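The chains referred to below are lettered A, B, ... by the order of the sequence lines, with proteins before strands, and numbering in each begins at 1. Predicted, not measured: the structure shown is a model, and the values here were computed from it.
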Amino acid sequence: MFDLKIIRDNPDAFDHGLARRGKPPQTPAILALDKEWRAAQTKAEVLQAERNKLSREIGAIKSKGGDASDIMRRVAESKEEEGKLEAEASRLKADIDALLSGIPNLPADDVPEGKDEHGNVFVRDHGVKPTFSFKPKDHVALGEGLGQMDFARAGKLSGARFVVLRAGLARLERALGQFMLDLHTREYGYTEIAPPLLVRDETAFGTGQLPKFADDLFKTTNGMWLIPTAEVPLTNLVADEIVDEASLPHRLTAWTPCFRSEAGAAGKDTRGMIRQHQFNKVELVSIAHPDHSNDEHERMTRCAEEVLKQLELPYRVMLLCAGDMGAAACKTYDIEVWLPGQDAYREISSCSNCGEYQARRMNARFRPKEGKRTRFVHTLNGSALAVGRAMVAVLENHQREDGSVAIPNVLRPYMGGLEVLRPDG
RNA sequence: GGAUGGGUGGCCGAGCGGUUUAAGGCACCGGUCUUGAAAACCGGCGAGGGUGCAAGCUCUCCGUGAGUUCGAAUCUCACCCCAUCCGCCA
């Protein structure tokens, strides 16, 4: 959501930003409506001011017991005209807001050009891809070989894009989530939150899922939305609030299920656990001071990377190009983990600085010590990590020729000391 | 789900058709006093929009949305949320 003023002041720069995302210019339509709206608004206010003045006179006359019927008639006459202008002004404003609420965030200056993932830029990598003396299996073969990953029965219960985990893998899933939460809360100062998984329209609007991306979400029969990520409830904690400047940044984390309809992904990643309707994720959210959100973004990305380092998983960090970013972001790093079973890097985290885009939508501000006006906070979010994909990565990277899987050191305390997953487990 | 009582500025809280231009307090900011601080006293202090070079003028906002009225925080209706009790329930 944007400030109309920056569009008025610099329409070309605004449209240029949209063009970098591959979007057509929006400012001509907006500015035309804006001009009409301001004209109607100004006219309506003149009439309102006049009426307010006369009504006050009526009050004064009546309180003295006088006859005000003359003035009352004059006010009544201008009422219809005023009503029309007010209605027109509010209709025009609603039209403008509808346009504005569908426009994605503008890319930051240091975001590379590009229209899709091919435009993304390598930033750094870490770890060494494992070499195998045998042909590495993918996580489906490994999981089913262990007898602990069951897509057939998940299909019976729920259909495609679900999985049933049992025994060692079920516990590994839980271990991963716990390990990540402990890392972020103990080492990096994030506060653990257990948020609602169902949210209202306003909440989904605040982070930008609504109005444009309703198709990606599941909706309950009473009109609520299942969260597609804990970013939604965590970020909205500051909605409609004026927070204390000294309290920034707020660093929040949550381990939650996420629900996605995957409406646009028919036929994509149909095999395995990569793309599910339901998955667990540990999310990081920062509510940051606008002057420090860039540093916070780098820090958050490092927090996510640390999970992979400790899990002994090779990865690379990519800076997304303008055309590949999510709608709310002005800058995004994706972290891609190496998957030997796919012989490819796959996204396991996405860390975004949303600037004030979401803060404006949800009206989240702080009062600066210097200066009188409130300012919008900056919001950031990152996965750290997607637990299902992390499990896939652990299985594929730490597999052995006999189909067993070594459990990374840092997870062993969470697995009751277990060092290897074997079919009997 | 039923009943009752409520939602007022950063916070608390008064107001329940017309000097409300939303009292008062807390917090915060500035000043006086003080060696310094505290206390006390004095002053300032809501948000958003329109207009204007500016000073300013002006509009909107008392949970949300409609309505009644010349005039609504105040009256009506619907909805949302909170509290308490009852019912149901993990």
[N]: pairing nucleotide in any strand, Watson-Crick or G-U under 3.5 angstrom:
{"N": "C75(B)", "result": "G67(B)"}
{"N": "A22(B)", "result": "none"}
{"N": "U84(B)", "result": "A3(B)"}
{"N": "U60(B)", "result": "A47(B)"}
{"N": "C89(B)", "result": "none"}

Quick one: [X] [atom1] to [N] [atom2], roughly how many Å, whole number?
{"X": "D240(A)", "N": "G9(B)", "atom1": "CG", "atom2": "P", "answer": "12 Å"}
{"X": "E86(A)", "N": "G49(B)", "atom1": "CD", "atom2": "C1'", "answer": "14 Å"}
{"X": "R38(A)", "N": "U58(B)", "atom1": "CZ", "atom2": "C1'", "answer": "16 Å"}
{"X": "D34(A)", "N": "G50(B)", "atom1": "CG", "atom2": "P", "answer": "8 Å"}
{"X": "L54(A)", "N": "U69(B)", "atom1": "CG", "atom2": "C1'", "answer": "15 Å"}
{"X": "D97(A)", "N": "G48(B)", "atom1": "CG", "atom2": "C1'", "answer": "13 Å"}
{"X": "L85(A)", "N": "C59(B)", "atom1": "CG", "atom2": "P", "answer": "15 Å"}
{"X": "L47(A)", "N": "C57(B)", "atom1": "CG", "atom2": "P", "answer": "20 Å"}

*Base, sugar-phosphate, or nothing for R51(A), non-hydrogen atoms under 4.0 angstrom?*
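Sugar-phosphate contact only.
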*What does K43(A) touch in the nucleic acid at a heavy-atom separation under 4.0 angstrom: a base, only the sugar-phosphate, or nothing?*
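K43(A): no heavy atom of the nucleic acid under 4.0 Å.
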Are OP1 or OP2 of [N] and a side-chain N or O of [X] less than 4.0 angstrom apart?
{"X": "R200(A)", "N": "C81(B)", "result": "yes"}
{"X": "T374(A)", "N": "G48(B)", "result": "yes"}
{"X": "N52(A)", "N": "U21(B)", "result": "no"}
{"X": "R56(A)", "N": "C70(B)", "result": "no"}
{"X": "R8(A)", "N": "G50(B)", "result": "yes"}
{"X": "R367(A)", "N": "C45(B)", "result": "no"}

*Relative to the 5' end of RNA chain B, which residue comes earlier, K53(A) or R365(A), by the nucleotide with the nearest heavy atom?*
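Nearest-nucleotide comparison on RNA chain B picks R365(A).
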*asked:* I want to confirm an ordering. Mapping L4(A) and N363(A) to their closest nucleotides on RNA chain B, which one lands closer to the 5' end?
replied: N363(A)
*Does CG belonging to D116(A) count more than 12 external heavy atoms closer than 6.0 Å?*
yes
*asked:* Taking atom CZ as the centre, does R153(A) end up with more than 12 heavy-atom neighbours from other residues, nucleotides or ligands that are less than 6.0 angstrom away?
replied: no
pair [X]-[Y]: side-chain heavy atoms closer than 4.5 Å:
{"X": "T270(A)", "Y": "R161(A)", "result": "yes"}
{"X": "P11(A)", "Y": "L31(A)", "result": "yes"}
{"X": "Q209(A)", "Y": "L217(A)", "result": "yes"}
{"X": "N236(A)", "Y": "V232(A)", "result": "yes"}

Write down the distance separating the [atom1] atoms in [N] and [M], rounded off to the nearest Å.
{"N": "U64(B)", "M": "G1(B)", "atom1": "P", "value": "23 Å"}
{"N": "G5(B)", "M": "G63(B)", "atom1": "C1'", "value": "16 Å"}
{"N": "C79(B)", "M": "G7(B)", "atom1": "C1'", "value": "14 Å"}
{"N": "A73(B)", "M": "U8(B)", "atom1": "P", "value": "16 Å"}
{"N": "C61(B)", "M": "A72(B)", "atom1": "C1'", "value": "13 Å"}
{"N": "A22(B)", "M": "C16(B)", "atom1": "C1'", "value": "13 Å"}
{"N": "G2(B)", "M": "C88(B)", "atom1": "C1'", "value": "11 Å"}
{"N": "A39(B)", "M": "G52(B)", "atom1": "P", "value": "47 Å"}

[X] side-chain proximity, nearest of [options]:
{"X": "V75(A)", "options": "U51(B), C70(B), G49(B)", "answer": "C70(B)"}
{"X": "Q48(A)", "options": "U60(B), G50(B), C70(B)", "answer": "U60(B)"}
{"X": "A49(A)", "options": "G10(B), U58(B), G50(B)", "answer": "U58(B)"}

*For the residue pair G168(A) and L421(A), what are the closest heavy atoms and their distance?*
CA-CD2, 3.8 Å
*asked:* What verdict does the side chain to side chain contact (heavy atoms under 4.5 Å, CB included) test give for V377(A) and H289(A), after you've listed the backbone C-alpha separation in whole Å, the side-chain angles of each residue and the deciding distance to 0.1 Å?
replied: CA-CA 6 Å; V377(A) 298; H289(A) 193 292; over 6 Å; no
_Base G10(B) to side chain E241(A), donor-acceptor N/O within 3.5 Å cut-off_ =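 When only heavy-atom distances are counted, E241(A) does not reach the base of G10(B) through any donor-acceptor pair under 3.5 Å.
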